[in-house]
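Report on the following structure.
Keep in mind the model is a prediction, meaning the values are calculated, not measured. Lettering of chains follows the sequences in order, A, B, ..., and the numbering in each one begins at 1.
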Amino acid sequence: MNKYDFTKIEAKWQKYWEDHNTFRAGTDYSKPKFYALVEFPYPSGQGLHIGHPRPYTAMDIVSRKRRLEGYNVLFPMGWDAFGLPTENFAIKNKIHPAIVTKNNVARFKSQLQSLGMSFDWEREINTTDPDYFHWTQWIFLQMFKKGLAYKKEMAVNWCTSCKVVLANEEVVGGVCERCGGEVIRKVKSQWMLKITEYAQRLLDDLDEVNYLERIKVTQRNWIGRSTGAEVDFTTTAGDTLKIYTTRPDTLFGATYMVISPEHPVIEKWQDRLENMDEIRAYQEKAARKSDFERTEMAKEKTGVCLKGVRGINPVNGKEIPIFISDYVLMSYGTGAIMAVPAHDTRDYEFAKVFDLPIIEVVKGGDVTKEAFTDCATGIMTNSDFLDGLTVEEAKVKIKAWLEETGKGKTKVNYKLRDWVFSRQRYWGEPIPIVKCEKCGYVALPESELPLTLPDVDSYMPTDNGESPLATLDEFIHTTCPQCGGEALRETDTMPQWAGSSWYYLRYCDPKNDKELASKEALNYWMPVDWYNGGMEHTTLHLLYSRFWHKFLYDCDVVNTKEPYMRRTSHGMILGEDGQKMSKSRGNVINPDDVVAQYGADTLRMYEMFVGDFEKTAPWSTSSIKGCKRFLDRVWGLQEILTDGDTYREVVQSKVHKTIQKVSEDIESLKFNTAIAAMMEILNEVYATVEINKAEFRTLLILLNPFAPHITEELYETYCGGILNEQEWPKYDPELCKDDTVEIAVQVNGKVRAKIDIAVGAEKDDVIAQAAADSKIAEILEGKTIRKQIYVPNKLVNFVAN
RNA sequence: GCCGGUGUGUCGGAAUGGCAGACGAGACAGACUCAAAAUCUGUUGUAGGCAACUACGUGUGGGUUCAAGUCCCACCACCGGCACCA
């Protein structure tokens with residue numbers, strides 16, 4: 001027998017696939033389609049990480065199976081190539097980021113090809129390609145025209161290390177998601193995208209897609225819808241202060257009010273306020289705090305009472321004090337609250353610090369000890385016309401009262417904020433807007449797209465918060481497309497999330513220079529049938545791209561409300577020590593080394609076999625040998641191969657069961673047990689005895705999606721022809737059954753014997769056979785049988801004493 | 001604090017309420033070899049027993065059931081996310 005020379009075999013088939021364009025997505029739109037998608041990588045300088053092949057192999061398996069099932073499959077790949085690391089590398093080594101990107105892409109691509117991924121490379125895209133970002137800019141312009149992109153002076157998250165503005169989603173635990181640097185608040189003029197306008201639809205349409213439940217839950221929490229009421233409190237200054245509350249039922253318990261330190265009403269009242277110095281000092285202190293510090297100091301409540309203005313509770317006319325405190329956020333609700341210390345934990349803490357009255361309005365707890373926040377069991381008290389009602393009844397009644405009297409109204413709020421869309425960086429899509437003295441912000445005409453990046457000598461970010469582009473006079477100065485007068489270009493660029501928010505659409509028609517993709521291609525390929533990607537993108541890329549898609553749906557560019565039908569997620573691969581792989585820990589595994597030592601097929605098998613696909617799993621340099629041994633043994637089957645066009649009767653049911661198991665497990669992400677099933681049939685049925693051609697052929701096709709090279713090679717040698725042109729095997733449920741089955745016989749729930757019975761035997765016969773077993777008869781001797789449990793083809797249980 | 005998730009041999013992990021530990025690794029023993037590696041065969045949850053076998057065993061404590069890793073209640077530990085959102 002010739003040796004299993006995986007290096008030679010893998011190179012041979014990779015070349016064959018490339019030469020024959022084997023995995024090109026067809027343009028025959030009459031065939032049933034299947035669109036499988038994996039997140040396109042950021043081509044970093046480190047090359048492919050050992051974690052990358054896990055989701056890629058999973059979707060490759062599904063894609064290969066679908067092709068064998070007769071689908072027209074789109075399984076594309078591209079590069080999300082704008083971004084900071086490339087820019088930093090370019091700065092450090094004085095190489096243009098475009099060159100850096102080109103080199104990194106070349107390396108990534110050859111690495112992916114060496115893994116035998118069945119991507120359609122004719123559809124390769126790159127977000128930094130002007131032909132691509134032409135349409136990223138175009139989408140931005142449509143948003144600008146519809147008022148969804150707007151510029152706003154506001155406090156933003158500023159990473160002191162990256163020297164760049166971050167979206168709320170990019171701030172994790174008070175620090176920069178990417179570099180871990182300190183994030184402070186900085187007031188800047190920023191481009192914003194009105195994702196909040198789509199909050200309700202982003203929430204509602206989750207019901208129409210098949211995402212893992214935890215993904216839906218995370219998105220729902222992030223959107224954070226709450227229903228409450230806005231209530232107008234008049235003040236002794238003669239105006240009204242609008243507050244938001246989810247507990248309007250507790251209005252009678254409001255004993256003070258709190259507004260955010262940034263609330264504009266302070267400026268309005270400054271002549272009336274007697275302690276303005278104290279107020280200013282507190283405002284400044286709050287403004288200086290980073291988000292992280294604000295969280296740190298969350299334990300002890302601080303604040304300043306406004307002397308000179310008081311609020312008036314609309315339900316009872318009582319005057320109550322107004323405080324400023326940084327536990328109230330300007331960016332949520334109205335930036336002002338009514339405080340009900342008896343029934344809100346934070347208000348309770350604040351009231352204790354400032355010794356404010358606590359009035360119980362919901363019975364059920366002990367408000368002398370802690371706030372009582374349970375809505376489900378409480379009964380209203382001290383609340384005039386609400387007394388005796390449950391909390392839910394009271395909410396309905398008070399809302400009606402507010403609407404009637406015009407003192408308030410029902411209001412829905414979301415935690416979701418608009419998307420901060422500007423970055424002060426060079427290596428990103430230029431924002432196609434100019435600022436004209438006369439006309440304000442003006443969109444570039446679509447004919448001027450793509451607006452490309454100018455060549456510069458220095459890409460260094462600046463400390464003053466300006467983009468490197470701002471230093472380029474020839475780039476900045478331009479004319480206004482509207483009035484022809486002098487104008488300045490926008491110098492900020494788009495965030496990395498821009499290019500990835502619509503890339504799945506471009507794959508449908510990647511070379512189109514008239515539109516982002518043709519209607520015909522979009523109508524055929526969309527939506528993506530199955531999208532697998534990381535959990536870490538749930539509130540970033542996944543939410544952003546759903547938003548863009550819905551916008552494009554409204555613009556009649558796409559014909560589906562949602563971009564992705566099914567979303568699944570893979571677990572991370574950890575180092576052998578169970579820690580995240582990192583250079584500093586020295587636990588990094590390089591995929592190139594694994595391919596060289598074991599081959600791509602073994603790497604693919606192992607990444608799928610390592611554990612539950614959805615969970616993190618530590619790498620094991622010894623366990624991977626098991627997968628190599630399995631492939632060696634498949635190779636060795638040549639030795640015992642015999643003729644035969646049909647499965648032998650003795651192995652028939654095992655073959656059908658294996659087809660069923662592998663087919664079903666692939667669909668439900670249980671790749672590890674699919675592989676186990678193939679190992680099992682090899683161990684139990686084929687290994688030492690014989691395998692005929694029909695059986696061999698079926699095994700090779702089942703194994704092909706997992707280990708495409710070795711199976712193609714064996715198929716070509718022994719079955720003739722190309723495996724990729726064959727059909728996925730079918731199983732017959734009737735033939736999955738055995739003639740006889742071993743069942744357990746229990747006495748009082750404990751297994752005491754095992755007997756063989758004919759499948760589908762009559763209940764009475766089986767029980768008689770079980771009772772007749774010598775062991776069972778001995779145990780039952782002298783006992784009375786109280787009950788006989790019979791589970792067909794599984795067990796018999798005698799309950800006796 | 002809130003929301004998710006997870007707890008099973010030495011390790012990774014399997015188990016529609018129905019024989020716990022499939023499959024893989026590791027370990028041990030044997031075969032082959034001058035030897036090692038590779039390969040092949042066997043054993044491998046714990047305790048007791050020469051053995052057939054017996055008892056115990058899925059984070060902890062209760063419960064439902066003829067039968068619980070699986071369902072219910074309470075708790076513990078770890079992981080992830082959100083975190084003053086009124």
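Phosphate contact (OP1/OP2 of B:rC53, side-chain N/O of A:Lys750, threshold under 4.0 Å): absent. In this model, the phosphate group of B:rC79 is not approached by any side-chain N or O of A:Arg214 to a distance below 4.0 Å at OP1 or OP2. For the pair A:Ser226 and B:rA86, the criterion of a side-chain N or O lying under 4.0 Å from OP1 or OP2 is met.
Within 4.0 Å (heavy atoms only), A:Asn413 reaches no atom of the nucleic acid at all. Within the nucleic acid shown, A:Glu213 has no heavy atom closer than 4.0 Å to any nucleic acid atom. Residue-level contact check: A:Arg220 touches neither bases nor backbone, having no heavy atom under 4.0 Å from any strand. Among the protein residues, A:Lys661 comes within range of no part of the nucleic acid, since none of its heavy atoms lies under 4.0 Å from any strand. Here A:Lys670 lies in heavy-atom contact (under 4.0 Å) with sugar-phosphate atoms only. Heavy atoms of A:Thr538 sit nowhere under 4.0 angstrom from any nucleic acid atom. Within 4.0 Å (heavy atoms only), A:Val791 reaches at least one base atom of the nucleic acid.
Judged purely by distance below 3.5 Å, without hydrogens or angles, the side chains of A:Arg633 and A:Asn683 pair a donor atom with an acceptor atom.
Across all strands shown, B:rA77 forms a Watson-Crick or G-U wobble pair, both distances under 3.5 Å, with B:rU6. Nucleotide B:rC23 has B:rG12 as its partner under the Watson-Crick or G-U criteria, with both atom distances under 3.5 Å. The nucleotide B:rG42 finds its pairing partner in B:rC28, both defining distances of the Watson-Crick or G-U wobble pair being shorter than 3.5 Å. The partner of B:rC50, taking Watson-Crick or G-U wobble pairs whose two distances both stay under 3.5 Å, does not exist in any strand shown.
Here the separation of B:rG5 from B:rC53, taken at their C1' atoms, is 42 Å to the nearest Å. The gap from the P atom of B:rG61 to that of B:rC76 amounts to 15 Å, rounded to the nearest Å. Spacing between B:rC72 and B:rU65 at atom C1', rounded to whole Å, works out to 12 Å. Look at the C1' atom in both B:rA29 and B:rG21: the space between them is 23 Å, to the nearest Å. Taking the C1' atoms as reference points, B:rU8 lies 12 Å from B:rU70, given to the whole Å. Going from the C1' atom of B:rG17 to that of B:rC66 covers 12 Å, rounded to whole Å. Taking atom P on both B:rA52 and B:rU44, the two are 11 Å apart, rounded to the nearest angstrom. Comparing the C1' positions of B:rG57 and B:rU46 gives an interatomic distance of 7 Å, to the nearest angstrom.
Atoms NZ and CG, on A:Lys301 and A:Asp347 in that order, are 9.0 Å from each other to the nearest 0.5 Å. Remark: A:Leu574 CG to A:Ile589 CD1 distance equals 11.5 Å, nearest 0.5 Å. In this structure, A:Phe706 CZ and A:Phe609 CZ are separated by 11.0 Å, a value rounded to the nearest 0.5 Å.
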_If you apply the rule ring pair (Phe, Tyr, Trp, His ring centres under 6.0 Å), what do you find for A:Phe6 with A:Tyr598, and how did you get there?_
CA-CA 8 Å; A:Phe6 53 81; A:Tyr598 296 104; 7.9 Å; no
*Please walk me through it: do A:His656 and A:Lys737 pass side chain to side chain contact (heavy atoms under 4.5 Å, CB included)?*
CA-CA 9 Å; A:His656 281 269; A:Lys737 292 174 189 156; over 6 Å; no
*Trace of the side chain to side chain contact (heavy atoms under 4.5 Å, CB included) decision for A:Tyr256 with A:Ile322*: CA-CA 6 Å; A:Tyr256 61 97; A:Ile322 304 172; over 6 Å; no
*side chain to side chain contact (heavy atoms under 4.5 Å, CB included) between A:Ile259 and A:Ile266: does it pass, once the steps are laid out?*
CA-CA 9 Å; A:Ile259 62 175; A:Ile266 294 166; 3.8 Å; yes
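In A:Glu781, the CD atom is not crowded: 12 or fewer heavy atoms of neighbouring residues, nucleotides or ligands sit closer than 6.0 Å.
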*Encode nucleotides 22-31 of chain B as B, S and - characters from 5' to 3', where the letter depends on protein heavy atoms closer than 4.0 Å: B to the base, S only to sugar-phosphate, - to neither.*
BBBSS-----
*Let me have a per-nucleotide readout for nucleotides 67-74 of chain B, 5' to 3', with B, S or -, counting only protein heavy atoms under 4.0 Å.*
--------
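A salt bridge does not link A:Lys407 to A:Glu230: none of the charged nitrogens lies less than 4.0 Å from a carboxylate oxygen.
Cation-pi check for A:Lys415 over A:Tyr332 is not met; the charged atom does not lie both under 6.0 angstrom from the ring centroid and within 45 degrees of its normal.
Atom NZ in A:Lys580 sits about 12 Å away from atom C1' in B:rG80, given to the nearest Å. In this structure, the OH atom of A:Tyr4 is 18 Å from the P atom of B:rA38, given to the nearest Å. Between the P atom of B:rC82 and the CD1 atom of A:Ile223 lies a distance of 15 Å, rounded to the nearest Å. Rounded to an integer number of Å, the gap from A:Met535 CE to B:rG81 P is 10 Å. Rounding to whole angstrom units, CG of residue A:Leu542 and P of B:rG81 are separated by 17 Å. Spacing between atom CG of A:Asp665 and atom P of B:rA14 amounts to 11 Å, rounded to whole angstrom units. The distance between atom CE of A:Met330 and atom C1' of B:rA86, rounded to the nearest whole Å, is 14 Å. In this structure, CD1 of A:Ile757 is placed 14 Å from C1' of B:rC19, rounded to the nearest angstrom.
Mapping A:Tyr606 and A:Tyr414 onto RNA chain B via the closest heavy atom, the residue that lands nearer the 5' end is A:Tyr606. Between A:Val610 and A:Val799, it is A:Val610 whose nearest contact on RNA chain B lies nearer the 5' terminus.
If you check distances only, the side chain of A:Lys794 never reaches the base of B:rC19 with a donor-acceptor pair under 3.5 Å. Counting atom types as modelled, A:Lys754 pairs a side-chain N or O with a base atom of B:rC19 as donor and acceptor under 3.5 Å.
Under the side-chain contact (heavy atoms from CB on, under 4.5 Å) rule, A:Phe350 has a single partner from A:Thr302, A:Thr345, A:Leu356, which is A:Leu356.
Taking the side chain of A:Glu742 as heavy atoms from C-beta on, and the options B:rC19, B:rG81, B:rU54, the nearest nucleotide is B:rC19. With B:rC19, B:rC82, B:rC66 as the candidates, the nucleotide lying closest to the side chain of A:Ile789 is B:rC66. Comparing B:rU6, B:rC82, B:rG81 by their closest approach to the side chain of A:Lys615 singles out B:rU6.
In this structure, B:rG9 shows a glycosidic angle within 90 degrees of zero, which is the syn conformation.
By the 30° and 60° cut-offs, the orientation of the rings of A:Phe613 relative to A:His570 is tilted.
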